[in-house]
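What you see is a predicted model, and the numbers here were worked out from it, not measured in a lab.
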Amino acid sequence: MAKLAITLPSFRESPDPAIEVARAAEAAGLDAAFVFDHLFRARGEARRPAIEGFTLLGALAVETTRIALGPFVARATLHPPATLAHTLDTVQRVSNGRLIAGLGAGDHESAAENETFGLEFGSMADRVRALADAITATSGRGYPVWVGGTSAAVRTVAAGSEGWNRWGGPVERFARQATGVRAQAARPITVSWGGLVVVGEDDAAAARKADRLQPSADTIVGGPERVAEQFRAYVDAGAEWIVAGPVDSGDPENATILGERVAALLR
């Protein structure tokens, strides 16, 4: 039975939209809500502010009672291993055991953030070593540790954790990589897929939203049945979790549709 999660609006001045969407997600029966770990979001010359992820998780732990929470993903190049473990331990305690600890090595969009604040971004090998150290520091502390990433090196490291997430990409590639991660793992590992979505009450409503939002070509667009059908393809390819990233992330109605209508079609 696949589980369904949602990403929250992190690139805002205020935490209120994320809290509102998380409340809607919990009320609608979604399984988890995830926050991003970024310093800002660059769009050309402009920068969108970002809510600090762990501070936001603390607020969400108070505002919700059931839904799992976590970073998606905490970047190993931003957090020393001991500090990261302590922070995640704290989120686990204040959320009464609802943490899913997503970790990552960072991608090309992360370089500008690190360098803006004088932090080394490092080579791919440097970042993978930092990720491995983060996994060592945070594993076995009472919460699941997942790794997010697409490169072969990150997938190899992920096989030593408790979970792996791939963001985006076609079903066939996901199926092949999921099989490879599981083959490398010495124990059962949770495999998940995440991607952008524009969801509406029906296909026509979703199409109107997509015309307004102009999402990327690989975004899943549709009403509940069409979205569930495309999510199901990833489930059939090996995903135990689907992490939906609404393009219009601040609209709580997305969480309601995903939880009350799409999730039922996946279970």
Side-chain angles (χ1 to χ4, degrees), residues 5-19 21-22 25-26 31-41 49-107 109-111 113-114 116-122 126-149 154 157-158 160-165 167 190 192 194 241 243:
I6 191 170
T7 60
L8 301 181
S10 295
F11 302 107
R12 299 289 195 277
E13 290 282 359
S14 168
D16 292 343
I19 292 171
V21 173
E26 178 159 275
D31 296 292
F34 293 108
V35 306
F36 297 117
D37 183 28
H38 285 277
L39 304 175
F40 55 80
R41 173 66 82 191
I51 299 293
E52 198 283 315
F54 291 111
T55 306
L56 180 55
L57 285 171
L60 295 171
V62 174
E63 295 289 341
T64 62
T65 60
R66 176 196 59 80
I67 198 166
L69 303 167
F72 202 77
V73 289
R75 295 194 351 243
T77 55
L78 286 182
H79 310 283
T83 303
L84 180 60
H86 182 56
T87 304
L88 290 169
D89 288 355
T90 301
V91 174
Q92 173 76 340
R93 291 200 298 273
V94 299
S95 68
N96 293 316
R98 292 184 283 140
L99 174 66
I100 297 174
L103 308 181
D107 57 20
E109 291 195 19
S110 308
E113 297 176 46
N114 284 45
T116 295
F117 290 92
L119 298 171
E120 291 288 337
F121 185 62
D126 294 331
R127 301 198 306 276
V128 170
R129 280 193 294 270
L131 176 59
D133 290 343
I135 294 169
T136 298
T138 56
S139 294
R141 304 180 74 87
Y143 43 81
V145 175
W146 294 3
V147 170
V154 168
V157 172
S161 71
E162 295 166 89
W164 170 68
N165 175 269
W167 186 268
T190 299
S192 62
W241 282 74
V243 182

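In this structure, W146 and F34 have tilted ring planes: the angle between them lies in the 30° to 60° band. Relative orientation of the H38 and F11 rings is tilted, given thresholds of 30° and 60° on the angle between their planes.
Judged by distance alone, the side chain of E26 and the main-chain N or O of R66 form a donor-acceptor pair under 3.5 Å. The backbone N or O of R75 sits less than 3.5 Å from a side-chain atom of D37, completing a donor-acceptor pair. Formation of a donor-acceptor pair under 3.5 Å by the Q92 side chain with backbone atoms of G142 is found in this model. Using a distance-only test at 3.5 Å, with no hydrogens or angles considered, a donor-acceptor pair links the side chain of S161 to the main chain of A158. A donor-acceptor pair is defined here as one N or O able to donate and one able to accept, closer than 3.5 Å; no such pair exists between the side chain of R12 and the backbone of I51. With R98 contributing its side chain and T64 its backbone, the two residues share a donor-acceptor pair below 3.5 Å.
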Pair V128-V154, side-chain contact (heavy atoms from CB on, under 4.5 Å): steps then yes or no: CA-CA 6 Å; V128 170; V154 168; 4.1 Å; yes
What do the steps show when you test D126 against R129 for side-chain contact (heavy atoms from CB on, under 4.5 Å), and what is the final call? CA-CA 5 Å; D126 294 331; R129 280 193 294 270; 2.5 Å; yes
Test side-chain contact (heavy atoms from CB on, under 4.5 Å) on V147 and V73 and set out the steps. CA-CA 8 Å; V147 170; V73 289; over 6 Å; no
Walk me through it: do I100 and T190 pass the test side-chain contact (heavy atoms from CB on, under 4.5 Å)? CA-CA 11 Å; I100 297 174; T190 299; over 6 Å; no
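Side chains of L56 and F36 form no contact here, defined as non-hydrogen atoms less than 4.5 Å apart. You'll find the side chain of L103 reaches within 4.5 Å of the side chain of L131, heavy atoms only. Between T136 and P81 there is no side-chain heavy-atom pair separated by less than 4.5 Å. With a 4.5 Å cut-off on side-chain heavy atoms, D16 and P9 do not count as touching. When side chains are defined from C-beta on, Y143 does not count as touching V91, because their heavy atoms never get closer than 4.5 Å.
When all heavy atoms are compared, the tightest approach of A105 to T77 is O-CG2, 4.1 Å. Heavy-atom minimum distance, V21 versus I6: CG1-CD1, 4.1 Å. When all heavy atoms of G70 and L99 are compared, the pair lying nearest together is CA-CD1, 4.0 Å. Here the closest heavy-atom approach between residue E162 and residue P144 is recorded as OE2-CA, 3.6 Å. Scanning all heavy atoms of the two residues, the minimum distance from T138 to A134 falls at OG1-O, 2.8 Å. The nearest pair of heavy atoms linking L8 to A18 is CD1-O, 3.9 Å.
In this structure, H86 NE2 and H79 NE2 are separated by 14.0 Å, a value rounded to the nearest 0.5 Å. Here the straight-line distance linking atom CG of D31 with atom CD1 of I67 works out to 7.5 Å at 0.5 Å rounding.
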